[in-house]
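Have a look at the structure below before the remarks.
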Amino acid sequence: MICKECNKEFEPRHFNQRYCSEECFRKNLNRRAREYQRRRRGVIRVNCPICGVEFERHVPNKKYCSEECRLESRRRWCRANYRSNTKLERSNTKLERSECPICGKEFEPRHFNQKYCSNECKNERDRRWQRKYQRRYYASRKAKLAAYQREYRARHRKRINFQQKKRRWRHGL
């Protein structure tokens, strides 16, 4: 039998095998899918913005004629947008000294968004924030929690009384 993709002769393993390998099968499948897309969408001719070569666009969002042009475009974009972020420029720039909002000590930041002079101050800020949040959380739900506790005690009065008796008996009261 002859492979429909590469035209090599092969011995089929089952009665309806048409391709010599999985690779040939995939190539044929991809080629047929591309042809279907071309027929469905139509072929559009566009110019590559990097090298200016005219090419056929089969996929609606394809901008570049090749992978090299796509990568070159990406390099240009990065150079334009991240110029100040190169290692050389970052190492030469000194950040302004700032004051730690927790302890008030003045320090030189190691990176542009460092706010606290040390991990201890950062942890203290986290503790303060958590305490403030918890107080706010429990204050807003205090009445709701009290109502829930009353309702629970009313529903489970026997169980609570039994547990209290059991506790007293264990401690010898």
Side-chain angles (χ1 to χ4, degrees), residues 22-23 26-27 29-30 33-34 37 40-41 44 46-173:
E22 180 75 20
E23 184 180 337
R26 294 285 169 211
K27 279 182 184 177
L29 189 68
N30 289 337
R34 280 194 304 274
Q37 287 176 351
R40 199 168 135 241
R41 292 190 181 120
I44 300 170
V46 259
N47 291 330
C48 176
I50 300 298
C51 63
V53 172
E54 189 175 317
F55 69 98
E56 290 181 353
R57 180 169 77 182
H58 307 291
V59 182
N61 58 353
K62 187 173 181 182
K63 288 182 180 178
Y64 308 104
C65 64
S66 65
E67 183 67 12
E68 290 80 26
C69 285
R70 188 186 71 77
L71 291 174
E72 178 59 30
S73 169
R74 179 76 182 150
R75 273 188 228 106
R76 288 179 185 179
W77 187 87
C78 287
R79 266 187 245 124
N81 292 308
Y82 294 118
R83 177 142 323 263
S84 64
N85 209 11
T86 60
K87 281 186 177 180
L88 179 66
E89 289 183 15
R90 276 187 293 184
S91 63
N92 292 339
T93 57
K94 284 276 188 179
L95 296 170
E96 293 179 19
R97 294 182 67 78
S98 54
E99 189 176 318
C100 177
I102 299 297
C103 64
K105 191 167 65 173
E106 200 169 285
F107 70 99
E108 194 170 304
R110 287 182 289 253
H111 51 84
F112 70 95
N113 63 350
Q114 183 179 354
K115 295 176 185 167
Y116 305 100
C117 63
S118 64
N119 280 340
E120 288 80 23
C121 286
K122 183 187 169 302
N123 293 340
E124 177 59 30
R125 178 250 173 213
D126 291 345
R127 278 191 294 275
R128 288 179 184 178
W129 184 85
Q130 197 169 14
R131 267 187 251 128
K132 179 181 175 183
Y133 174 77
Q134 285 176 345
R135 264 187 258 131
R136 213 175 346 148
Y137 178 82
Y138 287 114
S140 67
R141 287 161 179 79
K142 196 173 184 179
K144 198 177 201 179
L145 284 171
Y148 174 75
Q149 287 172 349
R150 279 193 302 276
E151 183 185 321
Y152 179 84
R153 285 190 192 112
R155 268 191 284 136
H156 302 285
R157 188 173 308 280
K158 287 181 182 177
R159 176 192 276 171
I160 293 170
N161 287 340
F162 176 74
Q163 287 173 346
Q164 287 173 348
K165 286 178 186 178
K166 194 172 166 183
R167 227 178 277 128
R168 283 190 216 123
W169 177 77
R170 278 190 185 154
H171 297 292
L173 296 174

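- In plain terms, the two heavy atoms of Glu120 and Arg127 that are nearest each other are O-NH2, 4.4 Å.
- A salt bridge does not link Arg26 to Glu23: none of the charged nitrogens lies less than 4.0 Å from a carboxylate oxygen.
- How far CZ of Arg70 is from NZ of Lys63: 11.5 Å, rounded to the nearest 0.5 Å.
- Closest of all the heavy-atom pairs between Lys62 and Arg57 is O-CD, 2.8 Å.
- Summarising the local packing, CZ of Arg157 is surrounded by 12 or fewer heavy atoms from other residues, nucleotides or ligands at distances under 6.0 Å.
- To the nearest 0.5 Å, the span separating CH2 on Trp129 from CD on Gln134 amounts to 9.5 Å.
- Of all non-hydrogen atoms in Tyr152 and Arg159, the two that sit nearest each other are OH-NH1, 3.6 Å.
- Here the CD-SG distance, from Glu124 to Cys103, works out to 10.5 Å after rounding to the nearest 0.5 Å.
- For the pair Ser73 and Pro49, the minimum side-chain heavy-atom distance is 4.5 Å or more.
- His156 has its side chain out of reach of Phe162: every pair of non-hydrogen atoms, C-beta onward, lies at least 4.5 Å apart.
- Rounding to the nearest 0.5 Å places OG of Ser118 at 11.0 Å from OH of Tyr116.
- The nearest pair of heavy atoms linking Arg128 to Ile102 is NH1-CD1, 3.6 Å.
- Counting heavy-atom neighbours within 6.0 Å of Arg75 CZ, excluding the residue itself, gives a total above 12.
- A distance of 9.0 Å separates SG of Cys100 from CD of Gln114, quoted to the nearest 0.5 Å.
- Shown here for Pro109 and Glu96, the closest heavy-atom pair between the two residues is CD-O, 3.3 Å.
- One finds the CG atom of Asn161 at 11.5 Å from the CZ atom of Arg153 (value rounded to the nearest 0.5 Å).
- Few gaps surround CZ on Arg141; more than 12 heavy atoms of other groups in view lie less than 6.0 Å from it.
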